[in-house]
2 protein chains.
Amino acid sequence: MAKAGKQNRQDVVEKATNLYWEKGFHGTSMRNLQDVIDMRPGSIYAAFGSKEGLFKEALQYYTQQGFAQLTALKSTTGSPLKGLKAFVEMAVIDSQDSAPSGMCMLAKTISELTEENAELLAEAKSLLHKIELSFAATFIEAQAFGEVDKEKDAKQLARSLQIQIMGLRTYTRVNNDNKAIKEMIDTLFLAFSDVKK
Amino acid sequence: MAKAGKQNRQDVVEKATNLYWEKGFHGTSMRNLQDVIDMRPGSIYAAFGSKEGLFKEALQYYTQQGFAQLTALKSTTGSPLKGLKAFVEMAVIDSQDSAPSGMCMLAKTISELTEENAELLAEAKSLLHKIELSFAATFIEAQAFGEVDKEKDAKQLARSLQIQIMGLRTYTRVNNDNKAIKEMIDTLFLAFSDVKK
DNA sequence: TAATATCTTGAACGATCGTTCAAATCCAGT
DNA sequence: ACTGGATTTGAACGATCGTTCAAGATATTA
């Protein structure tokens, strides 16, 4: 492939991402992938090297899409903090029904894999760290915007948000009580925007 | 087996639990299990029926051990809330190094499995719910003990704790910063014990 | 000790795993 | 239209998957 067959590389990676996201690394077979992305083994191996190689690219694509969404939401809401909140609501609530899995794909990967797939594990950790950095950057923007108390440590807020998202997404898979979850997110962001008067 | 060979049923289930906990359902093969529990296929199938049957028993054993630990910690600390906090510290911090996986085995299962293993998924959800109920019961004890504000809703506290634990355990696998995590747990329990003066 | 009931063994099953590669196909430049 | 390189195909590989079951070993009863 490379130079565009019926579909370009991004379409293929997106389909693979959705399957891996739903079923996990070990739960997805190369034959599952062949069916979904409509490519024969030889082409897949020529383009991605291995099951691990394609998974790694899927992790990267997933993360990149997340960045794009956060950026878009900050723009459409016209505010860093509102954008961030919309992003969390989307990830925690909306994705339970519409996404391949209610889980964050990176958290799911970190939960699933062991040192037997050290490189993929490291990649997932690294990407999650980058997301945390972008949360921190968003909090700093929000502070400049006057939405968040400037006394607060953006890094600490980002870490805390990361933990909340992971917890909420897992919990929502167990007990999908939309109303209660929505309230918890509201409370969480009220705490973030607790500007000293 | 059943009537005790070289090892009794509980020893076998414990070994299986630790392997499943580390590698997950799909990441564990029956041959991995055969090696670890030192039983031949025929005996395993006679005793547990299938890979799924043994996994289900592992989930139950894991949960039962958790209940036992919480009960023990409440007893040794002489306080419901202190026992609960010790339990969380153990689960979030200590288990990162000593346990088969830093993750909660139930959360890991819920993250990994799909409707292809509906029965196991339902079992994991049900067991997590039972744990939440026991958290709620502990908060009620703590209220009677004067450790927690009686105005607060024990069910809501339990839900919130469940979410925090899931988030913290996943996060700690990514970024094992013991000091910061310890502080977050302290802060969390300070909020729980925020009795009106 | 012989007969019987119970449990354990491990070879073997068909299915599926991740991966390879020679052959077929496609496409660009002449 | 022809050629040569790039791409795609799909049969096939050895390994491993979850599972079965006849045969052997062990424990129990008479």
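So you know, we letter chains A, B, ... as the sequences are listed, proteins then strands, and number each from 1. Bear in mind that the values here come from a model prediction, so they are computed numbers and not experimental data.
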Between D:dG10 (P) and A:D38 (CG): distance, integer Å: 10 Å
Short side-chain N/O contact to C:dT20 OP1/OP2 from A:Y45, under 4.0 Å: no
Below 4.0 Å: OP1/OP2 of C:dT16 and any side-chain N or O of A:S29: no
Phosphate-side-chain proximity, A:S43 and D:dT9, N/O vs OP1/OP2 below 4.0 Å: yes
Salt bridge A:E89-A:K182, side-chain N to carboxylate O under 4.0 Å: yes
Closest to the A:P41 side chain, choosing from C:dG18, D:dG18, D:dA11: D:dA11
Atom-pair distance (CG on A:D35; C1' on C:dT16), nearest Å: 13 Å
A:M30 side-chain proximity, nearest of C:dT19, D:dG18, D:dT20: C:dT19
Mutual orientation of the aromatic rings belonging to B:F55 and B:Y20 [parallel < 30°, tilted 30-60°, perpendicular > 60°]: perpendicular
Nearest-angstrom distance from the residue atom CG of B:N32 to P of D:dC17: 6 Å
Per A:R31 side chain, nearest of listed nucleotides D:dG10, D:dC13, D:dT19: D:dC13
A:G42 vs A:H26, nearer the 5' end of DNA chain C by closest nucleotide: A:H26
A:E52 and A:N117: side chain donor to acceptor below 3.5 Å: yes
Atom-pair distance (CD1 on A:I44; P on D:dT9), nearest Å: 10 Å
Atom pair distance, as rounded to whole Å: CG in A:L33 and C1' in C:dC17: 13 Å
Residue-phosphate contact under 4.0 Å: A:S50 side-chain N/O, C:dG18 OP1/OP2: no
Stepwise side chain to side chain contact (heavy atoms under 4.5 Å, CB included) test for A:I93 and A:T172: CA-CA 8 Å; A:I93 300 171; A:T172 305; over 6 Å; no
Distance in angstrom units between A:E52 CD and C:dC17 C1', rounded: 14 Å
Spacing of A:K51 atom NZ relative to C:dC17 atom P, expressed in whole Å: 9 Å
Protein-nucleotide distance (B:I37, atom CD1; C:dG10, atom P), rounded to Å: 14 Å
Any side-chain donor near an acceptor of the partner, B:E57 and B:Y62, under 3.5 Å: no
